[in-house]
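Have a look at the structure below before the remarks.
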Amino acid sequence: MTASVRWQVADLLSLFEKPFNDLLFEAHQVHRAHHDPNAVQVSTLLSIKTGACPEDCSYCSQSARYDTGLERERLLPLDEVEQAALKAQKAGASRFCMGAAWRNPTDRQLEKVIEMVRVVKDIGMEACLTLGMLTPEQARRLKEAGLDYYNHNIDTSPEFYNQVITTRTIEDRLNTLEHVRNAGINVCSGGILGMGESREDRASFLATLANLPTPPESVPLNMLVRIPGTPMANLPAFDPIEFIRTVAVARISMPKSHVRLSAGREGMDEATQAWCFFAGANSIFYGDKLLTTNNTETHADNALFAKLGIYPLIPEGCQTPTQSPTKQKASLADAD
Ligand code: SAM
Ligand code: DTB
Ligand code: SF4
């Protein structure tokens, strides 16, 4: 994908180097100018095919190369997917994201996943998939089926990439993003912080996303979940202040995107998350589980949203039973 250079890495690096208060003030101003500062988009994840992945992503519990003790699971049956989506919707999520541990789907696998997309759309939720690499034709099939978002992370900077993954290149990832964009599906692409990358890598990672012909509509920022058995199991914990700074730089460089505070919230205290929302994060994964690891418990998220006066964003065309016609604003609720 030919990228126009909207942001130089050096520009983003100098944002990172600003005093914290100056950076946060600037990011929050950009945030207010483009978004409702108190609305947060809420997505729920489901792993539809777990483990035994041929790729060697050094952070991942699902790579067949590492002994992480994860039990592999075949593609889930359609009714299980529907039940999980209904539960997520009842709890207040507007988007249902289904992830598969594949390098890429075969056309037969894709047809099965398309049935899942239809089920999610039929209940009135946005549908998102993350299945690995796609061909242009597969992206077109997904668009036809009504898919709203496709997640495919670049994960880190082009310079650091081959220290994390060797079985594919960042160009492979950018090609899939181009196929998704050309098919007219919203792009969701971000990465992981705390994998031993430098601050310059973080600036280069964000510049790569911000310089795409159209920046991703959704940018998930994951704090590394250190999985026992992976090569990244023993890395030091990532500094929460640097995480907040990264959210702020993402907000400034991609003003219109939804920046998602993604994996790693379980280990984050409320104050860190509140700062992330102030810095420009306006999306979360909600539900007790991410793909294979635990997420913050829903009752803790409900309490945090209430404490901060944050409400879930309900996109047009989405239905949620918690949306009261009189109050206008929705809220989160335990689904059990
Ligand atoms: N196999 C597909 C792929 O790699 O595109 C989809 C699933 S994959 C698990 C989706 C994303 O989850 C990865 O690109 C990575 O950014 C994130 N992820 C996976 N394991 C993680 C971990 N331990 N900590 C933080 N993020 C993680
Ligand atoms: C993304 O950026 N983070 C999500 C989603 N996209 C697919 C996945 C996080 C996975 C965290 C580790 C796990 O649960 O296996
Ligand atoms: Fe496979 Fe995706 Fe995990 Fe990489 S991140 S090992 S591609 S499931």
Side-chain angles (χ1 to χ4, degrees), residues 24 27-45 85 87-97 124-128 148-149 151 186 188-190 193 215-223 240 243-244 246-252 254-290 295-324 327-335:
L24 271 274
H28 190 69
Q29 281 179 312
V30 173
H31 190 46
R32 274 185 179 264
H34 293 88
H35 302 271
D36 173 343
N38 303 308
V40 168
Q41 188 278 329
V42 177
S43 293
T44 292
L45 271 171
K87 181 180 169 196
Q89 184 182 44
K90 194 167 163 217
S94 58
R95 190 177 306 159
F96 195 64
C97 306
M125 293 183 88
E126 290 182 326
C128 174
D148 297 290
Y149 287 80
N151 164 256
N186 290 308
C188 172
S189 188
L193 306 164
E217 281 73 18
S218 168
V219 178
L221 296 179
N222 299 277
M223 171 95 94
F243 190 91
I244 299 165
T246 311
V247 171
V249 177
R251 169 50 65 230
I252 294 167
M254 292 172 272
K256 294 185 188 157
S257 307
H258 272 81
V259 175
R260 181 170 311 118
L261 183 49
S262 304
R265 277 196 312 116
E266 217 207 359
M268 256 179 223
D269 60 20
E270 287 190 334
T272 302
Q273 295 184 59
W275 275 113
C276 286
F277 294 133
F278 185 79
N282 56 354
S283 174
I284 58 161
F285 283 125
Y286 177 69
D288 294 340
K289 213 168 166 201
L290 293 165
N295 193 18
T296 313
E297 289 183 7
T298 51
H299 66 83
D301 280 340
N302 302 347
L304 182 61
F305 269 39
K307 222 188 241 192
L308 300 178
I310 282 176
Y311 38 84
L313 181 86
I314 306 300
E316 237 170 82
C318 279
Q319 294 157 20
T320 161
T322 57
Q323 197 173 10
S324 124
K327 263 177 72 189
Q328 289 300 310
K329 282 173 187 143
S331 61
L332 297 177
D334 279 327

Would you say [X]'s side chain and [Y]'s backbone share a donor-acceptor pair under 3.5 angstrom?
X: N222; Y: A263; result: yes
X: R251; Y: S257; result: yes
X: N282; Y: V259; result: yes

Minimum-distance pair of heavy atoms, taken over all atoms of [X] and [Y]:
X: V42; Y: Y286; value: CG1-CB, 3.3 Å
X: G309; Y: N38; value: O-CB, 3.8 Å
X: M125; Y: A93; value: CE-O, 3.4 Å
X: G190; Y: V219; value: CA-CG1, 4.2 Å
X: V247; Y: A281; value: CG1-N, 3.6 Å

Next item on the list: Can you spot which of R95, H258, Q41 makes a side chain to side chain donor-acceptor pair (under 3.5 Å) with S283?
Entry: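 Testing S283 for a side chain to side chain donor-acceptor pair (under 3.5 Å) against R95, H258, Q41 leaves exactly one candidate, Q41.
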_Evaluation steps, side-chain contact (heavy atoms from CB on, under 4.5 Å), between L261 and M268_ = CA-CA 11 Å; L261 183 49; M268 256 179 223; 3.9 Å; yes
Test item: [X] and [Y] side chains (from C-beta on) under 4.5 Å apart, heavy atoms:
X: W275; Y: P240; answer: no
X: N151; Y: C97; answer: no
X: P216; Y: M254; answer: yes
X: I310; Y: F277; answer: yes
X: D148; Y: F96; answer: no
X: Q273; Y: I284; answer: no
X: R265; Y: D301; answer: yes
X: F278; Y: I244; answer: no

For V40 and F305: C-alpha separation, side-chain torsions, deciding distance, then whether side-chain contact (heavy atoms from CB on, under 4.5 Å) applies.
CA-CA 9 Å; V40 168; F305 269 39; 3.8 Å; yes
So how far is it from L290 CG to L45 CG, rounded to the nearest 0.5 Å?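 CG of L45 is found 6.0 Å from CG of L290.
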For this session: Mind checking the CD-SG spacing from E217 to C188? Nearest 0.5 Å is all I need.
Result: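 SG of C188 is found 9.5 Å from CD of E217.
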| request: Please work out which of the three classes, parallel, tilted or perpendicular, describes the rings of H28 and H31, given edges at 30° and 60°. | output: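 The rings of H31 and H28 sit tilted, inter-plane angle from 30° to 60°.
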